[in-house]
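Just so it is clear, the structure is predicted and the values come from calculations on it, not from any experiment. In the text below, chain A, chain B and the rest are named by the order of the sequence lines, each starting its count at 1.
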Amino acid sequence: MSWLDRERTIAPPGFNRWLVPPAALAVHLCIGQAYATSVYKTALVKHFGASLTEIGVIFSIAIVMLGLSAAAMGTWVDRSGPRKAMFTSAVFWSGGFLIGSLGIFTHQLWLVYLGYGVVGGIGLGIGYISPVSTLIKWFPDRPGLATGMAIMGFGGGALIASPVSTALLKLYDPNSGAKDWVASGDAVGKLFLTLAVVYLAYMLFGAFTIKVPAAGWQPAGFDPAKVKAAKLVTTENVSAKNAVKSRQFWLVWIALFCNVTAGIGILEQAAPMIQDFFRKSDGVSLVSAAVAAGFVGLLSIGNMAGRFAWSATSDVTGRKRIYMVYLGVGAVLYTVLALAGSTTTVLYVALAFVIISFYGGGFATVPAYLRDLFGTFQVGAIHGRLLTAWSAAGVAGPLIVNAFLDAQGKPGQLDAASYQPALLTMVALLVVGFLANLRVKPVDARFHEPRPDRGRAHEPAMEA
Amino acid sequence: MSTAHTPGAQAPVKVSVSKLAVAWALVGLPLGYGVFQTLTRVAALFG
């Protein structure tokens with residue numbers, strides 16, 4: 001039996017379950033770097049003599065691979081256990097940086113596509129779902145809080161990687177003090193090597209620390225009867241294969257797709273959008289680039305905070321109700337943003353902050369939502385399949401926003417009214433998502449896994 | 001803080017608080033640094 005096998009990770013008596021969230025966070029804080037790629041984007045454009053689009057494709061490949069690998073590997077993750085999954089994720093994520101650095105040093109962009117994009121993207125997908133089902137098993141009393149802590153790490157990863165990457169680029173490039181400095185390709189290559197080593201170490205710490213609860217374990221004082229009492233919380237189990245055949249899976253998919261698309265609508269354009277909203281008649285914006293950057297930072301905080309706060313709140317309100325807030329209140333806020341967002345900067349910032357907190361909250365709450373509907377049997381695999389909604393939203397969101405904005409005018413010449421068609425389209429999407437969520441009901445019993453002993457609430461034999 | 005409770009097992013072993021503190025510090029400190037750095041950028045919004 002290998003150290004990586006699931007059987008070697010069963011927690012001994014006395015193991016403190018509060019060691020599990022930092023193990024999960026260690027992985028998510030590392031893979032969250034994916035949202036900090038803008039730090040070296042200009043440097044890579046210059047180094048390869050490529051366009052912004054050609055360099056932007058690196059990130060797009062990674063996100064597409066995230067969705068595909070999470071969907072394809074979810075069953076393997078659930079079966080193999082969190083340690084093997086986290087270890088594999090570490091190898092792919094770190095390996096992606098190593099291959100990518102080779103591409104940078106040898107001026108071969110395709111190697112960066114392969115490295116960071118494909119290999120790193122696989123690490124992203126496996127890493128994202130690896131701790132989820134384990135956290136839900138350790139915290140059956142508050143799965144929203146548990147998954148919120150881990151998935152908050154994905155948002156937090158960019159907050160760490162961005163300043164650290166900037167500092168390392170300055171360290172590695174002797175010309176960093178020059179006016180209008182852009183980091184050299186050599187500096188970015190060394191940054192990739194450094195991140196490969198650091199992230200590997202952190203993710204291995206997570207893999208080494210993670211444990212799964214022993215069969216039959218439950219937290220002290222936990223009363224399963226309280227969980228059973230909630231209508232939308234099942235005591236049955238549904239396999240991933242059957243889950244995707246159920247109406248509930250696709251209703252939650254639609255809800256997540258709509259929520260993420262609406263959030264990306266703001267995130268993708270955050271800096272230019274605030275400048276456009278407060279543009280004077282002479283074409284000059286009241287908002288400087290520094291203030292716009294501050295606004296982007298605030299949205300990052302909102303994204304991260306929403307992942308934890310809203311997901312934890314869902315343990316009290318229930319998942320369906322909290323999604324009604326994300327989508328229903330989100331639609332109202334988006335409407336106010338579209339029609340009155342340019343009234344004052346305080347109103348604009350407040351609206352955007354709450355909308356983006358709902359975006360983060362949607363990601364973090366969905367594993368607990370799936371647990372409630374489908375049980376814990378293959379919740380990781382089901383989560384992986386559901387993340388295709390994120391990939392689809394990652395394509396749809398920017399397409400919708402950019403298509404409308406391109407029709408309105410050129411960058412630097414837009415104003416608040418130019419955004420109304422795009423924002424009101426997002427409102428319509430949120431309403432669609434709200435209606436889909438409203439229709440979520442308990443999963444039909446024909447999808448349930450057969451239980452040999454219906455008197456005991458335990459995992460099917462396959463999971464042991 | 002809840003600790004593991006396995007049916008039929010002996011009384012739980014005393015929890016290592018230092019191990020817990022180290023684990024949370026390993027993730028909490030970098031996260032705190034990232035939040036602090038971001039907040040210094042956010043200050044420009046209110047400055």
Undergrad: For A/V164, is it the side chain, the backbone, both, or neither that has a heavy atom closer than 4.5 Å to a heavy atom of chain B?
TA: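 Its backbone and side chain both get close to chain B.
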Undergrad: Determine yes or no for a side-chain-to-main-chain donor-acceptor pair under 3.5 angstrom, with B/W24 supplying the side chain and A/W18 the backbone.
TA: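 Here the side-chain-to-backbone pair exists.
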Undergrad: Which bit of A/P213 comes within less than 4.5 Å of chain B, counting heavy atoms only: side chain, backbone, both or neither?
TA: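 Neither part; nothing is under 4.5 Å.
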Undergrad: Could you work out, with salt bridge (charged side-chain N to carboxylate O under 4.0 Å, His left out) as the rule, every residue matching B/R41, not counting sequence neighbours?
TA: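 So B/R41 forms no salt bridge (charged side-chain N to carboxylate O under 4.0 Å, His left out) with any residue.
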Undergrad: For A/L29, which atoms come within 4.5 Å of any heavy atom of chain B: side chain, backbone, both, or neither?
TA: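 The side chain, not the backbone.
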Undergrad: What pairs with A/Y40 under side chain to side chain donor-acceptor pair (under 3.5 Å), at least two apart in sequence or on another chain?
TA: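 With sequence neighbours excluded, A/Y40 shows a side chain to side chain donor-acceptor pair (under 3.5 Å) to A/Q33, given in chain and number order.
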Undergrad: Side chain, backbone, both or neither: which part of A/F205 has a heavy atom under 4.5 Å from chain B?
TA: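 It is the side chain, since no backbone atom gets that close.
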Undergrad: Report yes if some heavy atom in the side chain of A/M304 is under 4.5 Å from a heavy atom in the side chain of B/V35; otherwise report no.
TA: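 Of all side-chain heavy-atom pairs linking B/V35 with A/M304, at least one is under 4.5 Å.
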Undergrad: Say you draw a straight line from CG of A/L19 to CG of B/L20; how long is it, rounded to the nearest 0.5 Å?
TA: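 Between atom CG of A/L19 and atom CG of B/L20 there are 5.0 Å.
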Undergrad: Please set out all donor-acceptor pairs under 3.5 angstrom arising from side-chain atoms of residues 291-299 of chain A, sequence neighbours excluded.
TA:
none

Undergrad: Counting only non-hydrogen atoms closer than 4.5 Å, can you tell me which residues of residues 144-156 of chain A sit against chain B?
TA: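 Only A/M149, A/M152, A/G156 of residues 144-156 of chain A have a heavy atom under 4.5 Å from chain B.
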Undergrad: Any side-chain to backbone donor/acceptor pair from A/Y202 onto B/V27? Under 3.5 Å, distance only.
TA: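 Not a single qualifying donor-acceptor pair exists.
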Undergrad: Indicate the atoms forming the closest heavy-atom contact of A/P22 with B/A23, along with that distance.
TA: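 Closest pair (atom of A/P22, atom of B/A23, distance): CB-O, 3.6 Å.
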